[in-house]
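Please read the structure below before turning to the comments.
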Number of protein chains: 2
Amino acid sequence: MGSVNIKQLARELNLSAATVSRALRDSHEISSATKQRVNDLARKLNYEPNPSASTLRSHKSKTLAVIVPEIANNFFSLAINGIEEVARQHGYHVLIYQSHDNVEAEASFIKSLLTGRADGILLSVASETVNEIHLMDLNKQIPTVFFDRVPDGLNTVNVTTNDYESAYDAAEHLIESGCKKIAYLFALNNLLAGKNRLKGYLNALKDHNIDLDDHLIITCGKDDINNYSLLKDAISKYQPDGVISATEELVLPCYEICQLLKINIPNYLKIVSFSNLKTAPFLNPSLTTVTQPAFEMGFKAASLLLKLLDNKQVEPGDAEVLNSVLIKRGSTAVK
Amino acid sequence: MGSVNIKQLARELNLSAATVSRALRDSHEISSATKQRVNDLARKLNYEPNPSASTLRSHKSKTLAVIVPEIANNFFSLAINGIEEVARQHGYHVLIYQSHDNVEAEASFIKSLLTGRADGILLSVASETVNEIHLMDLNKQIPTVFFDRVPDGLNTVNVTTNDYESAYDAAEHLIESGCKKIAYLFALNNLLAGKNRLKGYLNALKDHNIDLDDHLIITCGKDDINNYSLLKDAISKYQPDGVISATEELVLPCYEICQLLKINIPNYLKIVSFSNLKTAPFLNPSLTTVTQPAFEMGFKAASLLLKLLDNKQVEPGDAEVLNSVLIKRGSTAVK
DNA sequence: CTGTTAGCGCCTTCAC
DNA sequence: GTGAAGGCGCTAACAG
C-alpha cells in the first residue's frame, strides 16, 4: 500500500502523470520510446495500479461477481472454476457470493453490486425465488448472465442445459431397462430447470404408454428430514423399480433408505440421478448419472458476460443450451 | 452506477456532504435527529456508498482474497463456504483465485493484491511451492492467514489439521484390521501436511513393529497418467493388503486398478483415504475416510484474518490445529 | 506527442 | 453539531 504510484513514476522520468498513465495503458498517442522508459521503470519499481482509483475514475472495476446458491456443490464449484478461468485470461477478478437459496440474501447482494464494485454479474438464482422483482430488468442496471438456474419468463441472457431432453432420456433409459414403476424425485420446483426435467419424465412415460401414478412423483423441498420421510414412505408404499432424482442431494437419502429396506440396487431398483460428482462411477458403479457440462457452463456464461461488457450485442445463438450426458451404468449388478 | 451519492443526499436535506457522511457512519458528533433524517432518505433513495471512493479514501476495501489450488475440490469448496460465511456476517466481500498449484500464478495474484484491492489474504499454497520467496514476510505487506496447505518453516499464521495423528490413526486402524502390507500413496510432498501424514504412517508402522517396505511408499505427482501406472505397478507387484491415500484424488485410480486386477475391496484390500467427500459413505460403504473439518477451517481462518485486520494481536492459541475425524467403514464386506 | 487541469465519491482535518 | 476545503490515485478533456 505504501507502494509506488503514477506521480512518483512521472517525477522520476520527468514526465507528467497523464503521460505515464497513457503509456501504461499503451495509448497510441505515446511514442514507443517513452512507453519503453515508463514500462521499464514501472517494472523496476514493482508498480501496480491502484484499482480503487482507477475504478472510481474509469467506471470499470475489471471484476465479475458470481452469485450461486452454494459453493460447496459439485456443479457450482465446477462452474466457478470455468468462470475463474475466463476471468483470469482477461485480467478480471472474481467476487463470490452464496445465496443459500434465500431470495432476500440474493437481492441484497445484487443491490450491493450496483455501485461499481463489479462490472457484471453471473447469477444462478435461489430456488426459493418466486417473486422475482429484484431480477426484473436487472440487465438494464448491470450486465447479467444467468446460468443453470434461470428465472422463468423473464427476458434474460441464459446459459442452460437441455433439461427436458436429458430427463426424457433418463426415463427412457429406465423404461428400456425394464422398469415399470418409475418414481421421480422432484426438486427445483420453482425453476425452469426443475419444471423442464419433470416434463421430460412425464412425456417419456406418455410416449411409452406407461400410466402415470401421481404417488410416484415425490415433491421434495429444502428440509432434508422431511424429504427423507417423504421418500421413505413413497418407496416402501409404492415400491418403485426405478428412480430418477432431479438433484444429486436427493440420491443419498435414497441409497440410505434402500439399504434400510433391504432393497437391492440395481437389481430391484435402478437409479438415475442428475449429478456432477465426477467420482461417482468409481465409488458406485451402479449409479447412472445425467452429468452437466458444469465447467463449460461457467466458461460460456463468463465469456458471454465479457462480450456484453464489450458492448457487443449478444445474439440469440449466443445464449446457448449445452448438452448434458447420460452416463449409463449398473447394467451389471454389483458384486 | 447512475445512482445516488452523498452530495445528492446532502442537497436534498440542506446539509453538507460532510454531515451526511458522518451521519451515515453513525458518528457521535451528529444529532440523532439528523441521523434519522439522513438514514431515512438514504433508504428511500436506495443509497449505496461507492466502494471505490470509500476504499481510495479510507484504505479499507472490506474485501478478503482467497487463493486456493482448485475451487472444484471437496475440501476447498467447503473451506470457501466457511470463509464466505464469516465474510458475509461482517459485511466483507470475497475474491477468489485459483493457483492450479502453480507458484508463478500464486505469486502474481499476491502481487496484484498488494494494492488495496483486498484487506487481507487467505492462502492455501500451491503444492509445487518449493522456493517460497513470494511468501517470505508476506504478512508484513498484507495480513495473511494460511490454511491447510501451509508453508514449511516460515513464521506464518496457520490453520491446519492434525495430519500426523490422523495418518497415524489411519495406519493403526488398518493394522488392527489385520493388514500386514500397507501401501502409502504419498502426495503433497513439498508441504507440511504431506510430510506430516507420511510421518504418521511411518511411526504407526514402527510402533507396531511392522517392517517398512520402501516399495509400498508410492510417491505421486501431478501427472494422473503417471500416477496410475506407478500405482498399478506397485499394487500388482507388491500386493498390499491395505492402502492409505494422502489425497482424495488418488483413491479413484486405486479403485479402478483393483477392479481391473479383480482385487476385492475390502476383503483382500482395505483402503483409507483422506477425503472430504460427504457423499462417500452412501456411495461406497467400504471406504474409510479421514475427514477434515473443512468448513470450520475456512471459518476459523477467516475469523483469524478479521482479527488481524482489527489490529488485535493474534495469540499463539489462535492459530489453531483442528482435528480430522476417522470415519471407519468397510468392516462388513460389500454385498 | 506531451502537459495542464479538473474531478470521480468519499472521508478527515480544521474551522466555526 | 455542522460546514468548507482538500486530497486519496487515476484518467479524460482540452490545450498546445
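For clarity, every value in this text was computed on a predicted model and none was experimentally measured. Reminder, nothing fancy here: chain letters follow the sequence lines and each chain counts from 1.
The residue among B:Ala53 and B:Leu15 whose nearest nucleotide of DNA chain D is located toward the 5' end is B:Leu15.
In plain terms, the two heavy atoms of A:Ala105 and A:Ser99 that are nearest each other are CB-O, 3.9 Å.
Below the 3.5 angstrom threshold, one finds a donor paired with an acceptor across the side chain of B:Arg22 and the base of D:dG3.
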From CA spacing to verdict: side-chain hydrogen bond (donor to acceptor under 3.5 Å, both in side chains), A:Thr161, A:Gln292: CA-CA 7 Å; A:Thr161 44; A:Gln292 295 175 291; 3.0 Å; yes
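Distance, A:Glu48 CD to D:dC10 C1': 15 Å, rounded to whole Å. If you measure from atom CG of A:Leu13 to atom P of C:dC1, you get 18 Å, rounded to the nearest angstrom. Between B:Lys7 atom NZ and D:dA5 atom P there is a gap of 13 Å when expressed in whole angstrom units. Regarding A:Leu24, its CG atom lies at a distance of 9 Å from the P atom of D:dC10, rounded to whole Å. Put simply, NZ on B:Lys60 is 18 Å from P on D:dC8, counting in whole angstrom units. Residue B:Glu29 contributes atom CD, which lies 15 Å from atom P of C:dA15 at whole-angstrom precision. Nucleotide D:dT11 holds its P atom 13 Å from the CG atom of A:Asp26, rounded to whole Å. Between the P atom of C:dG9 and the CD atom of B:Gln8 lies a distance of 8 Å, rounded to the nearest Å.
For B:Ser31, the listed nucleotide lying nearest its side chain is D:dG1; candidates were C:dG3, D:dG1, C:dC1. The side chain of A:Arg57 has C:dA6 as its nearest neighbour among C:dA6, C:dT2, C:dG9. Nearest nucleotide to the side chain of B:Asn50, out of D:dC8, C:dG9, C:dT12: C:dG9.
The residue A:Thr34 sits close only to the backbone: its heavy atoms come under 4.0 Å of sugar-phosphate atoms, none of a base. Counting non-hydrogen atoms under 4.0 angstrom, B:Ile6 reaches the backbone sugars and phosphates but no base.
A:Asp310 CG: more than 12 foreign heavy atoms inside a 6.0 Å radius. Around atom NZ of A:Lys7, no more than 12 heavy atoms belonging to other residues, nucleotides or ligands sit under 6.0 Å away.
Using cut-offs of 30° and 60° on the angle between ring planes, the pair B:Phe75 and B:Phe147 is tilted.
Residue A:Ser21 places at least one side-chain N or O closer than 4.0 Å to OP1 or OP2 of D:dT11. At least one side-chain nitrogen or oxygen of A:Tyr47 sits closer than 4.0 Å to the OP1 or OP2 atom of D:dC10. In this model, the phosphate group of C:dT2 is not approached by any side-chain N or O of A:Thr19 to a distance below 4.0 Å at OP1 or OP2. Regarding contacts with the backbone of D:dC10, every side-chain N or O of A:Ser54 stays at 4.0 angstrom or more from both OP1 and OP2.
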